[in-house]
Amino acid sequence: MTQNPSHDSSSLSRDEDKPLRELAEALQLDVQDFTGEWDAFTAVFTVADGLDGLTLQQVDPIFYLKNGAFTHGVFSRKILEAPVVRYVEARSHDRPFDIAVVFFTYDTETKGIETRVFWDNEAVTFLVTPDTWTSVAQVANPYREKKA
């Protein structure tokens with residue numbers, strides 16, 4: 001797999017750091033509106049390149065408990081579109097692509113942000129549909145057991 005490595009704010013270039021901070025700030029309102037209990041969340045963003053340039057096609061927030069349980073939430077695509085697109089543009093380093101899927105994960109215990117970006121064919125694996133959302137949520141789950 002040729003995914004970009006996970007990033008926290010200390011390992012980002014300056015070009016990536018500002019868009020990531022803007023995205024984190026934009027997410028705060030939607031996260032605050034979630035009324036359920038949670039220990040971490042992952043927002044799965046789907047960005048596509050089309051006739052109108054890059055657009056945010058879909059936002060799928062998933063809230064997790066440390067015991068591995070998870071549920072979906074609702075975030076505003078309209079509010080998040082500009083910061084998500086800027087972040088994906090920064091991460092692409094001007095490399096052309098048709099589709100990108102971003103996992104943006106925040107953990108309340110560590111107060112850390114981790115991101116993973118998948119491009120084109122790899123991104124298709126993580127497109128969220130009613131049939132795939134559970135498997136994508138399990139892959140993105142920060143509390144799942146990781147294989148050595």
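The shown structure was predicted, so the numbers you read here are calculated from the model rather than taken from an experiment.
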Pairs involving residues 125-136, ordered by first then second residue, that meet salt bridge (charged side-chain N to carboxylate O under 4.0 Å, His left out) (sequence neighbours left out):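 Every pair satisfying salt bridge (charged side-chain N to carboxylate O under 4.0 Å, His left out) with a residue in residues 125-136: there are none.
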
Under 4.5 Å between any side-chain heavy atoms of [X] and [Y], yes or no?
X: I99; Y: Q57; answer: no
X: H72; Y: F63; answer: no
X: K111; Y: Y106; answer: yes
X: R21; Y: Y87; answer: no
X: F97; Y: V88; answer: yes
X: L127; Y: V101; answer: yes
X: F75; Y: V31; answer: yes

Residues T132 and S135: side-chain donor-acceptor under 3.5 angstrom: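 There is no such pair (donor and acceptor under 3.5 Å, judged by atom type) between the side chains of T132 and S135.
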
Gap between atom OG1 of T134 and atom CD of Q138 - 0.5 Å precision: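 Going from CD on Q138 over to OG1 on T134, the span is 6.5 Å.
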
Nearest-0.5 Å distance, CZ of residue F104 to CG of residue L23: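 Answer for the CZ-CG pair, F104 versus L23, is 5.0 Å.
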
Residues which pass side-chain contact (heavy atoms from CB on, under 4.5 Å) with [X], listed by chain and number, not counting sequence neighbours:
X: A137; result: I62, Y64, F70, W133
X: D98; result: D120
X: E89; result: L54, V85, R86
X: S76; result: D30, K78, I79

Contacts under 3.5 angstrom, residues 35-52 side chains, donor-acceptor by atom type, not counting sequence neighbours:
unit_1	atom_1	unit_2	atom_2	d
D39	OD2	K66	N	2.8
T42	OG1	T105	OG1	2.8

Exceeds 12 heavy-atom contacts within 6.0 angstrom, atom CG of N121: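 Open.
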
N/O donor-acceptor pair under 3.5 Å between R144 side chain and V139 backbone: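 Looks like yes, one N/O pair under 3.5 Å.
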
Sidechain-backbone polar pair: Q58 side chain, V128 backbone, donor-acceptor under 3.5 Å: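 Yes, because the side chain of Q58 sits within donor-acceptor range (under 3.5 Å) of the backbone of V128.
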
Sub-6.0 Å ring centroid separation between F103 and F126: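 Yes, they do, as the ring centres are separated by less than 6.0 Å.
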
